[in-house]
Amino acid sequence: MNDTTHGIRIRPGSLADVPAIVDMLDSAVAWMNGRGNTEQWGTTPYSQKPGGVARVERYTTENVPYIAELGGTAVGALVLDSGPSPQMPIEPAEEPELYVRLLVSARRYAGLGIGAALLAHAAEETRRAGVELLRVDCWAGGGGELVAFYERNGFTRTDRFLSESWPGQVLARRVG
């Protein structure tokens, strides 16, 4: 895949990308904690969470991963699946769907549109698969910035949920 948007190249991901993805997740936890957000992903670096690295390995082998690159450097990751995580209290759609299971970008490249480019790629992959529904869930706490990000990228709020005390929002985007 050679999609480029604003110099961002998106390619299929693989097991070899696990260290870069884990580094992005660690930097996201540190960034959130630096802003006072300890509720979304906690305070433990993803690389040190029990099962964290194994989860990313599964994302790259059991799901459909994509990596955003700038100048050959991995700067973002997207993982698509056929439905929500079975660990989350979210019902599968009543129609075929693709589901964003992971979206992360390297914090040192924030503001360059990496997340938006990956979501546009997810929408295109959804169309290519002959599927009309793309969904995602995200943390709905704080000031709602993450929900607003997805809305700016064409998603509409559907269902709210709680996973223990973690407030979540499911969003959907029609791509057909």
Side-chain angles (χ1 to χ4, degrees), residues 1 3 10 12-15 17-18 21-22 24-26 28-29 31-32 37-44 46 49-68 76-105 114-176:
M1 192 119 336
D3 295 348
I10 299 175
S14 72
L15 193 57
D17 295 304
V18 168
I21 297 168
V22 170
M24 287 180 232
L25 290 164
D26 281 351
V29 169
W31 175 76
M32 285 184 243
N37 177 349
T38 60
E39 297 172 28
Q40 184 174 348
W41 284 358
T43 58
T44 303
Y46 205 85
K49 290 184 180 190
V53 173
R55 176 178 290 151
V56 176
E57 289 171 347
R58 283 192 308 276
Y59 280 161
T60 63
T61 58
E62 296 174 10
N63 303 114
V64 183
Y66 294 96
I67 301 296
L78 164 77
V79 174
L80 293 175
D81 197 359
S82 60
S85 169
Q87 287 78 38
M88 297 301 278
I90 301 167
E91 292 295 320
E94 295 180 1
E95 65 183 276
E97 68 177 318
L98 285 185
Y99 205 96
V100 176
R101 291 284 294 273
L102 175 70
L103 178 68
V104 66
S105 62
I114 295 162
L118 285 164
L119 288 174
H121 184 78
E124 184 55 33
E125 288 300 315
T126 303
R127 268 188 221 90
R128 281 186 198 147
V131 175
E132 295 183 8
L133 180 63
L134 175 64
R135 291 197 309 159
V136 64
D137 63 78
C138 70
W139 186 61
E145 296 97 354
L146 191 52
V147 173
F149 165 77
Y150 285 108
E151 289 175 326
R152 286 191 305 274
N153 283 280
F155 288 81
T156 302
R157 297 176 199 210
T158 58
D159 303 313
R160 288 190 59 104
F161 65 93
L162 273 178
S163 180
E164 296 177 14
S165 63
W166 193 87
Q169 176 70 56
V170 178
L171 298 103
R173 178 176 174 186
R174 290 272 167 203
V175 299

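Predicted model, so just to flag it, every value in this text is computed and none were measured.
Applying the side chain to side chain donor-acceptor pair (under 3.5 Å) test to residues at least two apart or on different chains, the pairs with a partner in residues 82-100 are Ser85-Gln87, Glu95-Arg174, Glu97-Arg135, Tyr99-Asp137. Residue pairs satisfying the salt bridge (charged side-chain N to carboxylate O under 4.0 Å, His left out) criterion with at least one member in residues 143-158, sequence neighbours excluded, are listed as follows: Glu151-Arg157.
By the side chain to side chain contact (heavy atoms under 4.5 Å, CB included) test, Thr126 pairs with Leu98, Val131, Leu134, Val175, sequence neighbours left out. Applying the side chain to side chain contact (heavy atoms under 4.5 Å, CB included) test to Val29 and every residue at least two apart in sequence or in another chain returns Asn33, Trp41. Residues satisfying the side chain to side chain contact (heavy atoms under 4.5 Å, CB included) criterion with Val22, sequence neighbours excluded, are Val18, Asp26, Ser47, Val53, Val56. Every salt bridge (charged side-chain N to carboxylate O under 4.0 Å, His left out) that Arg127 has, sequence neighbours left out, goes to Glu124. Here Tyr59 pairs with nothing under the ring-ring contact (aromatic ring centres under 6.0 Å, His included) rule; sequence neighbours left out. Partners of Asp17 according to the salt bridge (charged side-chain N to carboxylate O under 4.0 Å, His left out) rule, which considers only residues two or more places apart in sequence or in another chain, are Arg11. Arg101 meets the salt bridge (charged side-chain N to carboxylate O under 4.0 Å, His left out) test with Asp81; sequence neighbours excluded.
Here Glu125 contributes atom CD and Leu118 contributes atom CG; the two are 11.0 Å apart, rounded to the nearest 0.5 Å. Remark: Phe149 CZ to Leu119 CG distance equals 5.0 Å, nearest 0.5 Å.
When side chains are defined from C-beta on, Leu78 does not count as touching Ile10, because their heavy atoms never get closer than 4.5 Å. Residues Leu80 and Tyr66 form a side-chain contact, since some pair of their non-hydrogen atoms from C-beta on lies under 4.5 Å apart. Inter-residue side-chain proximity for Leu103 and Val136 is flagged as unmet; no heavy-atom pair is nearer than 4.5 Å. Using a 4.5 Å heavy-atom threshold, the side chains of Arg173 and Tyr150 count as separate.
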Show the atom names and distances, to 0.1 Å, of all donor-acceptor pairs under 3.5 Å that link a side chain in residues 158-172 to residues at least two apart or in another chain.
residue : atom : partner : partner atom : Å
Thr158  : OG1  : Val170  : O            : 3.0
Trp166  : NE1  : Gln40   : O            : 2.9
Gln169  : NE2  : Asp159  : O            : 3.3

